[in-house]
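Everything numeric here is computed off the predicted structure, so don't read it as measured data.
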Amino acid sequence: MELSDVLGQKRVLEQERADMEKGYQKEKADKAKAEREKAEAEHDLGVRVNAERERAEREKKEMGSQIAKLRAENERLQKEKAEKLAAASAQSLNESGVKAFKENDCAKAEGLFAEASRLQPAENGSNSVFHFVRSRSKEKEGDLEGALEEMRKALWLRPDDAWWKLEVARLESLFRGPLSRAWWNFLSAQARRALAVAEMRTQQAG
C-alpha cells in the first residue's frame with residue numbers, strides 16, 4: 001500500500017472521528033436544551049399552578065366575605081323586623097293597659113304594661129306608666145310605701161314629667177304626713193310652672 005493510500009485512509013478516519021465528535025456534541029447540546037426546556041416548562045407550570053391556587057384562594061376569601069355580609073344583613077333585617085313587631089305589640093298592649101286603667105282595672109292594666117315593658121324594655125315611657133299603674137295598685141291595697149317607691153321609679157324614668165312629680169309629692173304627703181307638706185307645696189309649684197311653660201311653648205309652636 002502506498003503512502004498516499006495510507007494518508008487517504010487516515011484522513012477518512014479523522015473525518016469520521018470528527019463527524020462522530022460533532023454528532024456527540026450535537027446530541028449533548030440537544031439533550032441539555034431539552035433538559036432546559038423541560039425545567040422551564042416545569043417552572044412555568046409551577047408558576048401557573050401557584051397563580052391559579054392563589055386566585056382560587058382569593059375568590060374563596062371574597063366569597064366568604066360576601067357570605068358573611070349577607071348573613072349580617074339578614075340578621076339585621078330579622079332583628080329590625082322583630083323590633084318592629086315588638087313595638088307594634090307593645091303599643092297595642094299599652095293602649096289596652098290605658099283602657100283597663102281608665103276602667104279602674106289596675107290589676108289588668110299592670111299586667112298589660114308589664115308585658116309591654118318586657119317587649120320593649122328600652123322604652124322608658126312605657127316602663128314609667130307601668131310603675132305608675134303599680135303605684136296606684138299598691139295605693140289601693142293600702143301599701144303607701146310601695147306606692148311611693150313605684151312612683152319614684154316612674155319619675156326616675158321620666159324626670160321631666162310634671163304630673164309624675166305631683167304624684168310623688170302627693171304620695172310623700174300621704175306617707176310621711178304633715179311634715180312633708182312644705183315639700184309637697186314646693187313640688188306642686190314646680191310642676192305647675194313646668195306645665196305652664198309646656199303649654200306656652202305649645203301655643204307658640206301652634
- Please step through salt bridge (charged side-chain N to carboxylate O under 4.0 Å, His left out) for the pair E141 and K138, ending with a clear verdict. CA-CA 5 Å; E141 293 168 0; K138 290 183 179 295; 5.3 Å; no
Atom pairs and distances, donor-acceptor, side-chain atoms in residues 22-34, under 3.5 Å, two or more places apart:
from: Q25; atom 1: NE2; to: E21; atom 2: OE2; distance (Å): 2.9
from: K26; atom 1: NZ; to: D30; atom 2: OD2; distance (Å): 3.1

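With sequence neighbours excluded, the residues satisfying side chain to side chain contact (heavy atoms under 4.5 Å, CB included) with V49 are L45, R53. Scanning for salt bridge (charged side-chain N to carboxylate O under 4.0 Å, His left out) contacts around R134 gives E110, E150, with sequence neighbours left out. Not counting sequence neighbours, the partners of Q15 by the side-chain hydrogen bond (donor to acceptor under 3.5 Å, both in side chains) test are D19. The side-chain hydrogen bond (donor to acceptor under 3.5 Å, both in side chains) check on K140 picks up N104, with sequence neighbours excluded. Every residue meeting the side chain to side chain contact (heavy atoms under 4.5 Å, CB included) condition with K99, not counting sequence neighbours, appears here in chain and number order: E103. Judged as a side chain to side chain contact (heavy atoms under 4.5 Å, CB included), and not counting sequence neighbours, the contacts of L155 are W164, K165, V168. Every residue two or more places apart in sequence or in another chain that forms a side chain to side chain contact (heavy atoms under 4.5 Å, CB included) with R71 is listed here: I67. Qualifying salt bridge (charged side-chain N to carboxylate O under 4.0 Å, His left out) partners for E59, counting only residues two or more places apart in sequence or in other chains: R55. Residues passing the salt bridge (charged side-chain N to carboxylate O under 4.0 Å, His left out) test with R76 are E73, E80, sequence neighbours excluded.
In this structure, CG in N74 is found 10.5 Å from NZ in K81, a value given to the nearest 0.5 Å. In this structure, N50 CG and R48 CZ are separated by 11.0 Å, a value rounded to the nearest 0.5 Å. Note that the CG atom of L148 and the CD atom of E167 stand 10.0 Å from one another [nearest 0.5 Å]. Taking CZ from R152 and OG from S135, the interatomic distance works out to 10.5 Å, rounded to the nearest 0.5 Å. Remark: M63 CE to L70 CG distance equals 11.0 Å, nearest 0.5 Å.
At least one side-chain heavy atom of R136 sits less than 4.5 Å from a side-chain heavy atom of E139. The closest side-chain heavy-atom distance from L112 to K108 is below 4.5 Å. Taking 4.5 Å as the limit, every side-chain heavy atom of E149 sits out of range of all side-chain heavy atoms of L171.
In this structure, S137 contributes its side chain and V133 its backbone to a donor-acceptor pair below 3.5 Å. A donor-acceptor pair is defined here as one N or O able to donate and one able to accept, closer than 3.5 Å; such a pair exists between the side chain of S96 and the backbone of S92.
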